[in-house]
J.: 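This is the structure, below, for whatever I ask next.
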Amino acid sequence: MISDAPVLQQSSEPAETAAAPSRLSRYARPMLGLLLPLILALGWELVVWLGWSNGRLVPPPSRVFATIADLARSGELVRHIVATLWRVGLGFAFGVIAGTLLGAISGYWSLARRLLDPTVQALRAIPSLAWVPLFILWLGIFETSKIVLIAVGVFFPVYLGVMGAILIVDRKIVEVGRTFRLSGFAMIRRILLPAVLPAYVVSLRVGLGLGWMFVVAAELIGASEGLGYLLLDGQQLGKPAQILAAIVIFAILGKLTDWLIEVAAAPFLRWQDAFGRVRGA
């Protein structure tokens, strides 16, 4: 019994030392994504500092972040961010609900697909700015038209993602469910939903990205606050630093909201034995 103690102690030490690098890599992996933007920002800052460019039309990062700091001190930045987040959040919610319901109906029911899908595909080809005058005429220049425009942008990728994921579910899996005499609800819950979920998460992320793009068009509809308004104001007043500041904030908020979807979906996708998980991507 005494001679076994050193062996146990020695065997536990490698496990502890192996756990430390894994924890370090877990924290270092997200930081790796910041490497390229930091290199580009520092490179442009150096170009302007050396006098190779005057930085008038493309201000250096120091001037952009100084503009962000000024907007934050004045309270404008929070007001614009809250207004844009509110519009994107509501538009995303409505677009996801409509896209999920119609996509599920079109994917599960062939008659509905033949009736709905041609019209949806035709509407999908309409540019976002083409909806603006119509929504102003129908809904006015207030919040409703902005939220509906964002919902339209979110709707199409979610609809296509859900319908496409249902259509490519392996027929053999469905036959297994029928062999076990699963009811319609049980078939959806135990067979279709797990099969569709990975593609659904991807469609949510694509829809969210389009929601962030559509909010700029939406905030051209008589908006007096929001990051899109900040962009337009910077263009009209000839403030390139303000334009870039709004673009940087758009990028940060877009990445954060995309990450939230990824984190929220991770517990539901732990069963996946995918290539990316094996490689640790």
Side-chain angles (χ1 to χ4, degrees), residues 25-41 61 64-65 68 72 77-78 80-101 103-104 124 128 146-165 193-194 196-219 226-231 243-272 274-281:
S25 63
R26 191 185 309 138
Y27 294 119
R29 197 177 299 128
M31 300 301 295
L32 192 61
L34 295 174
L35 189 60
L36 181 59
L38 285 175
I39 290 173
L40 293 174
V64 173
F65 288 116
I68 294 174
L77 185 62
V78 174
H80 292 309
I81 288 176
V82 168
T84 296
L85 281 174
W86 171 254
R87 289 163 185 154
V88 172
L90 280 180
F92 181 72
F94 289 129
V96 166
I97 292 169
T100 302
L101 289 176
R124 187 169 66 93
S128 61
K146 299 176 179 60
I147 292 168
V148 170
L149 181 61
I150 296 166
V152 167
V154 174
F155 167 81
F156 292 110
V158 175
Y159 166 85
L160 285 173
V162 173
M163 184 186 68
L193 188 58
V196 167
L197 196 56
Y200 183 59
V201 172
V202 173
S203 69
L204 289 180
R205 296 175 66 183
V206 175
L208 180 63
L210 280 177
W212 281 109
M213 287 191 279
F214 270 59
V215 76
V216 177
E219 289 178 342
L227 295 175
Y229 166 77
L230 202 62
L231 279 170
I243 295 173
L244 283 176
I247 291 172
V248 168
I249 297 166
F250 264 124
I252 294 171
L253 292 177
K255 176 56 187 170
L256 284 176
T257 50
D258 178 77
W259 174 76
L260 287 175
I261 291 179
E262 206 174 354
V263 169
F268 301 100
L269 299 175
R270 292 188 186 278
W271 54 268
Q272 278 189 300
F275 173 74
R277 284 186 183 277
V278 174
R279 294 294 299 271

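We use all heavy atoms of the structure for the numbers below, so side chains are in, but hydrogens, waters and symmetry mates are not.
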J.: I'd like to know if the side chain of T84 reaches the main chain of I81, judged simply by a donor and an acceptor atom lying under 3.5 Å from each other, with no hydrogens or angles considered.
T.: no
J.: How long is the gap from CG on L260 to NZ on K255, to the nearest 0.5 Å?
T.: 10.0 Å
J.: Would a 4.5 Å heavy-atom cut-off, applied to side chains only, mark L36 and L40 as touching?
T.: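 Yes, their side chains come closer than 4.5 Å.
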J.: Could you state the interatomic distance from CG (L253) to CG (L85), rounded to the nearest 0.5 Å?
T.: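 The distance works out to 5.5 Å.
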J.: Might you work through the side-chain contact (heavy atoms from CB on, under 4.5 Å) test for V158 and L204, ending with a clear yes or no?
T.: CA-CA 6 Å; V158 175; L204 289 180; 4.2 Å; yes
J.: Report yes if some heavy atom in the side chain of T100 is under 4.5 Å from a heavy atom in the side chain of Y200; otherwise report no.
T.: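 Of all side-chain heavy-atom pairs linking Y200 with T100, at least one is under 4.5 Å.
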J.: Of all heavy-atom pairs between A199 and G161, which one has the smallest distance, and what is that distance?
T.: CB-O, 4.4 Å
J.: Can you name the closest pair of heavy atoms from I68 and A245 and give their distance?
T.: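 Reported closest heavy-atom pair: CG1-CB, 3.5 Å.
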J.: How long is the straight-line distance from CG of L149 back to CZ of R87, given to the nearest 0.5 Å?
T.: 11.5 Å
J.: Checking side-chain contact (heavy atoms from CB on, under 4.5 Å) for the pair T257/F92: CA distance, chi angles, key distance, verdict?
T.: CA-CA 11 Å; T257 50; F92 181 72; over 6 Å; no
J.: According to ring-ring contact (aromatic ring centres under 6.0 Å, His included), who are the partners of Y229, at least two apart in sequence or on a separate chain?
T.: H80
J.: Restricting to non-hydrogen atoms, name the atom on S203 and the atom on P157 that form the minimum distance, rounded to 0.1 Å.
T.: CB-O, 3.4 Å
J.: Are V216 and F250 close enough that some pair of their side-chain heavy atoms sits under 4.5 Å apart?
T.: yes
J.: Report the C-alpha separation of V162 and L101 in whole Å, then their side-chain angles, then the decisive distance to 0.1 Å, and conclude whether the side-chain contact (heavy atoms from CB on, under 4.5 Å) test is met.
T.: CA-CA 9 Å; V162 173; L101 289 176; over 6 Å; no
J.: Restricting to ring-ring contact (aromatic ring centres under 6.0 Å, His included), what partner residues turn up for F155, sequence neighbours left out?
T.: Y159
J.: For F156 and V152, work out which heavy atoms get closest and say how close.
T.: CD1-O, 3.1 Å
J.: Between F94 and I150, is a side-chain contact (heavy atoms from CB on, under 4.5 Å) present by the stated rule, with each step listed?
T.: CA-CA 9 Å; F94 289 129; I150 296 166; over 6 Å; no
J.: Would you name the heavy atoms of L208 and D258 that are closest together and state the gap between them?
T.: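 Shortest heavy-atom separation between L208 and D258 comes out as CD2-N, 3.6 Å.
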J.: Hey, what do you get for CD1 (I147) to CG (L90), rounding to the nearest 0.5 Å?
T.: 4.5 Å
